[in-house]
Amino acid sequence: MAYAISDACIKCGACEAECPVSAITEGEATYVIDADACISCGSCEAACPVGAPAEA
Ligand code: SF4
Ligand code: SF4
């Protein structure tokens, strides 16, 4: 299963640099994860200050 970013995202950008496969990009309301690219490593969840990324 891939990770997904919830509406709790405050767009701080911290997760983007932590993703080993560059699956995270800035979206309109939140940062977004490309589910096809995500390898479910959990680095974005660890980097996020508000707990927005979670396994979907
Ligand atoms: Fe990237 Fe890992 Fe987060 Fe998936 S779980 S988006 S691979 S940092
Ligand atoms: Fe959003 Fe969390 Fe990523 Fe910051 S680290 S951009 S709050 S998902």
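Counting starts at 1 for both ligands and their atoms, following the listed order. The basis for the numbers below is simple: all heavy atoms, side chains too, and nothing from hydrogens, waters or symmetry mates.
- Counting heavy atoms closer than 4.0 Å to ligand 2, residue Val50 contributes side-chain atoms (C-beta onward) but none from N, CA, C or O.
- Contacts between Ile39 and ligand 1, counted as non-hydrogen atom pairs separated by less than 4.0 Å, involve both the backbone and the side chain.
- For ligand 1, the atoms sitting less than 4.0 Å from at least one non-hydrogen atom of Ile33 are 6 (S), numbered in the order shown with element in parentheses.
- Nearest protein neighbour of atom 7 (S) of ligand 2, counting heavy atoms only, is Ile10 N, 3.3 Å.
- Among all non-hydrogen protein atoms, the one lying nearest atom 1 (Fe) of ligand 2 is Cys9 SG, 2.3 Å.
- What sits closest to atom 2 (Fe) of ligand 2 on the protein, heavy atoms only, is Cys48 SG, 2.3 Å.
- The residue among Gly42, Ala47, Cys44, Cys38 with a heavy atom at the shortest distance from atom 3 (Fe) of ligand 1 is Cys44.
- Among the atoms of Cys15, no N, O or S atom is found under 2.8 Å from atom 1 (Fe) of ligand 2.
- At a 4.0 Å cut-off, not a single heavy atom of Thr30 sits close enough to ligand 2 to count as contact.
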Practice prompt. Before giving the answer on side-chain contact (heavy atoms from CB on, under 4.5 Å), spell out for Val32 and Ile24 the whole-Å C-alpha distance, their side-chain angles and the decisive distance to 0.1 Å.
Written response: CA-CA 6 Å; Val32 292; Ile24 304 173; over 6 Å; no

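- Neither the backbone nor the side chain of Ala37 has a heavy atom within less than 4.0 Å of ligand 1.
- Near Ile5, meaning under 4.0 Å from one of its heavy atoms, ligand 2 places the atoms 8 (S).
- Of all the heavy atoms in Ala29 and Lys11, the pair that sits closest is O-CD, 3.5 Å.
- Distance from atom 6 (S) of ligand 2 to its nearest protein heavy atom, with residue and atom name: Gly13 N, 3.1 Å.
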